[in-house]
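Just below is one structure, and these are the notes that go with it.
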Amino acid sequence: MIAVMYTKCMVTFIDILGFGDLIQGTRKDSGKVADVASLLVKLKKQTEDGGRVHRENGGTPEQIFHSFNFSDLTVRCTEIPSGANLSDFLNWELMYIGELQFGFLLEGILLRGGICLGETFIDEESKILFGPGLVKAYKLESEYAVYPRIVIDRDYLAAIDDIGDKYWPDYVRQGDDGAYFVDYLFGSLADSAGQLASSMLAGHRDAIRAAIDDGIHDKAARLRQKYMWLALYHNSTVDRLAGRFFKSNIASDKFEGYRIPKDVLNF
């Protein structure tokens, strides 16, 4: 029998919030089947990109990134070479996943998920993936993400702290429930030029407003809750960015205009 060995990996588990409702919609409108298929193709392609390679002592690059997709579920798995800088791997994932989450939100698609460090078995040829790392990432997504956010395992962050490395604080935020998650909006804009930040903030605001204005009062309570969380996340990020840029050109753009008004949040 061939020995099966686990590999230390960074595992990211992602799915689409409300995907079941999208599928239900295809039963009433067959034309939407193509839309869902197109969405899944896009998700698959983008989650397969942004992978890492490893070069041992200047040798041939080794593929250490793997991506698995099933329906709206995606698992990104990056093998962690011995002696590797844990924060370097996390920082890359935070930036890439943050951009992915931001981009899909602008199209009205909400993502949630979990990122952790764990032991995993990967067979790329047979497309087999299992292990404690995958289980942990799934639990983060299903039990702790809840809202449209990608939760970061606190043990991963603690491991980085223990060895004296640093992760990018602009991309990591702790929620009121204690969970850490990818702070994609603040992270994407914290170092942006004024005009770019203005444009991206307006796009984020408008995407949320469009979803709220599209009959949010008639939606299920669980969906309303998720958009309420998202709107409050947006507004709190606007406040934080105002503090970051209060001496820059964007200050003259009146940050208050990028907030979602309180009367809109009466749902």
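The shortest side-chain heavy-atom distance between Ile115 and Asp153 does not fall under the 4.5 Å cut-off. Counting only heavy atoms from C-beta outward, the side chains of Ser188 and His204 never approach each other to under 4.5 Å. In this structure, the side chains of Val36 and Val33 stay at 4.5 Å or more apart for every pair of heavy atoms. Ile14 places a side-chain heavy atom less than 4.5 Å from the side chain of Leu100. By the 4.5 Å heavy-atom criterion applied to side chains, Phe130 and Tyr6 are counted as neighbours. Taking the side chain as every heavy atom from C-beta outward, Tyr144 and Asp177 never approach each other to under 4.5 Å. In this structure, Ile16 and Leu39 have side chains that are in contact, with non-hydrogen atoms separated by less than 4.5 Å. Between Leu232 and Leu265 the shortest side-chain heavy-atom distance falls below 4.5 Å.
Arg205 places a side-chain N or O within donor-acceptor distance of the main-chain N or O of Gly257, the cut-off being under 3.5 Å. Counting only distance, with no hydrogens or angles, the side chain of His234 and the backbone of Tyr258 share a donor-acceptor pair below 3.5 Å. Within the 3.5 Å criterion, the main-chain N or O of Gly51 finds no donor-acceptor partner in the side chain of Gln63. Distance alone, capped at 3.5 Å, places no donor-acceptor pair between the Asp72 side chain and the Phe19 backbone. In this structure, the side chain of Trp168 does not engage the main chain of Leu90 through any donor-acceptor pair within 3.5 Å. The backbone N or O of Ala190 lies less than 3.5 Å from no partner atom in the side chain of Arg240, so there is not a single donor-acceptor pair. Distance alone, capped at 3.5 Å, places no donor-acceptor pair between the Tyr171 side chain and the Glu93 backbone. Side chain of Arg76 to backbone of Thr47: a donor-acceptor contact under 3.5 angstrom is found.
For Cys77 against Val11, the heavy-atom pair with the smallest separation is SG-CG2, 3.9 Å. Across Phe181 and Gly175, no two heavy atoms sit closer than the pair CE2-N, 3.7 Å. Scanning all heavy atoms of the two residues, the minimum distance from Pro261 to Arg209 falls at CD-NH1, 3.8 Å. For the residue pair Leu40 and Ser71, the shortest heavy atom distance occurs at CD2-O, 3.5 Å. Considering all non-hydrogen atoms of both residues, Leu189 and Met200 come closest at CD2-SD, 3.3 Å. Residues Trp229 and Pro148 approach most closely at CZ3-O, 3.6 Å, considering heavy atoms.
Atom OG of Ser236 is separated from atom CG of Leu241 by 9.5 Å, given to the nearest 0.5 angstrom. With values rounded to the nearest 0.5 angstrom, Lys139 atom NZ is found 12.5 Å from Leu134 atom CG. Ile208 CD1 to Ile216 CD1: the interatomic distance, rounded to the nearest 0.5 Å, is 11.0 Å. For the atom pair CE (Met5) and CD (Glu119), the distance works out to 9.0 Å, reported to the nearest 0.5 Å. Residue Thr120 holds its OG1 atom at 11.0 Å from NZ of Lys136, rounded to the nearest 0.5 Å. Here the CG-SG distance, from Leu117 to Cys9, works out to 8.5 Å after rounding to the nearest 0.5 Å.
Under the 4.5 Å side-chain heavy-atom criterion for Ile, Leu, Val, Met, Phe, Trp and Tyr, Trp92 and Ile163 are members of the same hydrophobic cluster. Under a hydrophobic-cluster definition in which Ile, Leu, Val, Met, Phe, Trp and Tyr are linked whenever side-chain heavy atoms come within less than 4.5 Å, directly or via other members, Phe89 and Val75 are assigned to different clusters. In the hydrophobic cluster analysis, where Ile, Leu, Val, Met, Phe, Trp and Tyr join through side-chain heavy atoms closer than 4.5 angstrom, Val135 is grouped apart from Phe70. Cluster membership for Ile160 and Leu140, using ILVMFWY side-chain heavy atoms within less than 4.5 angstrom, is not shared. When hydrophobic clusters are built by joining Ile, Leu, Val, Met, Phe, Trp and Tyr residues whose side-chain heavy atoms come closer than 4.5 Å, directly or via intermediates, Ile97 is grouped together with Leu105.
Atom OH of Tyr138 has 12 or fewer heavy atoms from other residues, nucleotides or ligands within 6.0 Å. Counted within 6.0 Å of NZ on Lys127, heavy atoms from surrounding residues, nucleotides or ligands total more than 12; the atom is thus considered enclosed. More than 12 heavy-atom neighbours from other residues, nucleotides or ligands sit within 6.0 angstrom of CG on Asp162. More than 12 heavy atoms of other residues, nucleotides or ligands lie within 6.0 Å of CZ in Phe267, so this atom counts as buried by the packing criterion. In the displayed structure, Asp29 atom CG is contacted under 6.0 Å by more than 12 heavy atoms of other residues, nucleotides or ligands.
A salt bridge links Glu256 with Arg259: the closest approach of a Lys/Arg side-chain nitrogen to an acidic carboxylate oxygen falls below 4.0 angstrom. Taking a cutoff of 4.0 Å between a charged side-chain nitrogen and a carboxylate oxygen, Lys226 and Asp21 do not qualify as a salt bridge.
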- Message: As a quick check of understanding, evaluate side-chain contact (heavy atoms from CB on, under 4.5 Å) for Thr74 and Asp15, giving each step before the final call.
- Response: CA-CA 6 Å; Thr74 294; Asp15 77 351; over 6 Å; no

- Should Leu230 and Tyr147 be marked as a side-chain contact (heavy atoms from CB on, under 4.5 Å) after you check the CA-CA gap, both sets of side-chain angles, and the distance that decides it? CA-CA 8 Å; Leu230 189 58; Tyr147 308 110; over 6 Å; no

- Message: Between Asn85 and Asp165, is the side-chain contact (heavy atoms from CB on, under 4.5 Å) condition met? List the steps.
- Response: CA-CA 8 Å; Asn85 186 314; Asp165 286 342; 3.2 Å; yes

- Item | Verdict with supporting geometry, Tyr167 and Asp161, side-chain contact (heavy atoms from CB on, under 4.5 Å) | CA-CA 9 Å; Tyr167 53 81; Asp161 289 338; 3.9 Å; yes

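Between Tyr233 and Tyr184, the ring centre distance stays below 6.0 Å.
A cation-pi contact, defined as under 6.0 Å to the ring centre and within 45° of the axis, links Lys42 to Phe104.
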